[in-house]
Chemist: 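Pasting a structure below so you can have a look.
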2 protein chains.
Amino acid sequence: MKPVSNASKDTQKRILDIAEQLLLTRGFNAFSYQHISSALGVRNAAVHYHFPRKTDLGVALVQRYRRRFARFMEAHASLDPLQQLEGYFELTDAYFQQDEQICPSGILTTEYHTLPEEIQLEANAFITEMRDWAKTIARRGRDERVMTYPGTPEAMGEVMFAALQGGLQLARIDAGILDTIKQQIRDLLKVEKS
Amino acid sequence: MKPVSNASKDTQKRILDIAEQLLLTRGFNAFSYQHISSALGVRNAAVHYHFPRKTDLGVALVQRYRRRFARFMEAHASLDPLQQLEGYFELTDAYFQQDEQICPSGILTTEYHTLPEEIQLEANAFITEMRDWAKTIARRGRDERVMTYPGTPEAMGEVMFAALQGGLQLARIDAGILDTIKQQIRDLLKVEKS
DNA sequence: ATCACTCTACTTACTGGTTAGTAAGGTGTC
DNA sequence: GACACCTTACTAACCAGTAAGTAGAGTGAT
């Protein structure tokens with residue numbers, strides 16, 4: 001149990017918060033330690049003190065997403081599939097409403113070939129977890145006879161996830177597209193908006 | 001009508017070809033004039049001679065996409081909707097098979113907030129054209145009674161386009177996802193693979 | 001209680017590399 | 001000799017990352 005001061009923990013969290021905002025609006029390659037340090041009111045080297053290399057910061061960001069998404073799944077585990085679907089939609093909306101952020105998986109896959117391997121590995125795990133959650137909703141929806149669709153739950157989950165990822169990006173061009181896609185997914189699953 | 005030498009036209013085309021490859025694999029912010037000039041075997045300033053600012057190069061790239069996509073639509077205009085759908089799928093496949101490239105609209109929307117306004121405007125127009133084509137396929141498919149789906153053709157087109165855009169990106173994590181999504185779209189439209 | 005010491009969380013000051021972009025000069029072709 | 005198409009040589013800004021120093025808070029011995 002190593003003691004970490006409150007100041008350190010707080011600064012570290014604030015760095016992650018600022019970096020997250022920059023990641024989801026500008027992408028990993030288009031933000032610098034300067035952006036973070038000036039937003040935080042400290043010097044460049046202070047950021048390097050907490051996250052020596054930018055790769056460390058990237059890995060920490062994705063790991064935090066994974067912990068957060070694990071808590072999200074846990075909180076929604078006992079809900080029925082229709083509520084889980086709406087919860088998934090709300091998560092998507094929440095991104096866009098905050099500075100037109102997009103889903104982290106969209107950033108990570110688009111910039112994939114330019115990312116350090118350590119971040120790629122975390123991204124793989126994170127995205128697999130998100131895709132699996134979409135598939136789980138589709139599977140439970142069919143098992144509990146509240147969703148009706150052709151094909152396998154796996155395929156339906158992939159389409160739902162891919163459409164929301166793409167939809168979030170396209171919403172930057174046309175904000176209305178996100179609602180259209182959410183409603184069409186409901187229609188394709190033959191469910192009513194709850 | 002200003003005369004342009006063959007050498008110039010050729011170099012200009014080769015710059016665009018290299019830049020396109022870099023754009024679709026690395027993104028606009030993650031490639032430089034150095035990347036292009038070294039791949040082309042010329043000096044940095046030679047690229048600036050043809051495209052003074054990087055913005056000029058970006059605009060030229062998107063405009064070329066638009067011309068190319070216009071020709072694509074013209075070539076497929078007289079086909080039946082099922083063939084148009086498969087043509088759309090083939091276009092998607094072609095991107096991925098070439099160095100895991102993704103759809104330009106995925107790059108442009110993901111990096112949107114970091115792009116110069118001139119490129120944003122071209123991107124808006126290009127993406128609108130691609131989305132409209134997807135909607136046209138969905139509309140004609142229903143009108144000619146070869147596709148069956150809930151919701152409006154507009155909504156179905158948006159979901160198809162967004163799912164393919166997201167699917168291309170996710171294919172970098174799991175190559176199989178693209179085929180899964182294509183087949184699920186066929187199933188959702190109640191059409192057979194042609 | 002106070003001096004000596006240690007540690008955290010920074011700062012200042014820097015390096016070497018990369019970036020887009022430019023100015024001026026050269027060379028071959030019509 | 002005019003022009004297209006390049007080159008060499010450069011600038012200023014930015015990038016990630018580092019080395020060395022410091023202020024202040026806490027600790028421990030006397």
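Reckoned from all heavy atoms, side chains included, excluding hydrogens, waters and symmetry mates. Chain letters run A, B, ... following the sequence lines, proteins first, then strands; residues in each count from 1.
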Chemist: Rounding to a whole Å, what distance do you find between A:Asp56:CG and D:dG17:C1'?
Modeler: 11 Å
Chemist: Compare the minimum distances between each of C:dT22, D:dC6, D:dG17 and the side chain of B:Ala46, then state the nucleotide with the smallest one.
Modeler: D:dC6
Chemist: Quick check on side-chain hydrogen bond (donor to acceptor under 3.5 Å, both in side chains): which of B:Arg14, B:Lys13, B:Gln21 does B:Asp17 satisfy it with?
Modeler: B:Lys13
Chemist: Using whole Å, report how far CZ of A:Arg26 lies from P of D:dC14.
Modeler: 12 Å
Chemist: Kindly say if B:Ser32 contacts the phosphate of C:dT18, meaning a side-chain N or O under 4.0 Å from OP1 or OP2.
Modeler: no
Chemist: Nearest-Å distance, CZ (A:Phe28) to P (D:dC15)?
Modeler: 13 Å
Chemist: What is the separation between atom CG on B:Asn29 and atom C1' on C:dA20, rounded to the nearest whole Å?
Modeler: 13 Å
Chemist: Classify the angle between the aromatic ring planes of A:Phe31 and A:Phe28 as parallel (below 30°), tilted (30 to 60°) or perpendicular (above 60°).
Modeler: perpendicular
Chemist: Round to the nearest Å and state the distance from B:His50 atom NE2 to D:dC5 atom C1'.
Modeler: 6 Å
Chemist: Distance check needed: C:dA13 C1' versus A:His48 NE2, whole Å only.
Modeler: 14 Å
Chemist: For D:dC6, does OP1 or OP2 lie under 4.0 Å from any side-chain N or O of B:Thr11?
Modeler: yes
Chemist: I want to check one thing: is the phosphate of C:dC10, taken as OP1 and OP2, less than 4.0 Å away from some side-chain N or O of A:Tyr49?
Modeler: no
Chemist: Taking the side chain as every heavy atom from C-beta outward, state whether A:Lys135 and A:Asp132 have any pair of such atoms under 4.5 Å apart.
Modeler: yes
Chemist: Nearest-Å distance, CD (B:Gln34) to C1' (C:dG21)?
Modeler: 11 Å
Chemist: Quick one: which of D:dA16, C:dA20, C:dT11 gets closest to the side chain of A:Tyr33?
Modeler: D:dA16
Chemist: So what does B:Phe51 hit on the nucleic acid, given a heavy-atom distance under 4.0 Å: a base, only sugar-phosphate, or nothing?
Modeler: nothing
Chemist: A:Arg53 has an atom CZ; how far is it from atom C1' of C:dG17, in whole Å?
Modeler: 18 Å
Chemist: Identify which one of A:Leu61, A:Ile36, A:Ile15, A:Val59 satisfies the side chain to side chain contact (heavy atoms under 4.5 Å, CB included) criterion when paired with A:Phe51.
Modeler: A:Ile15
Chemist: Which listed nucleotide (C:dT12, D:dC15, C:dA23) is nearest to the side chain of B:Ala45?
Modeler: C:dA23
Chemist: We want to know whether A:Gln183 and A:Arg186 form a side-chain donor-acceptor pair, criterion being a heavy-atom distance below 3.5 angstrom.
Modeler: yes
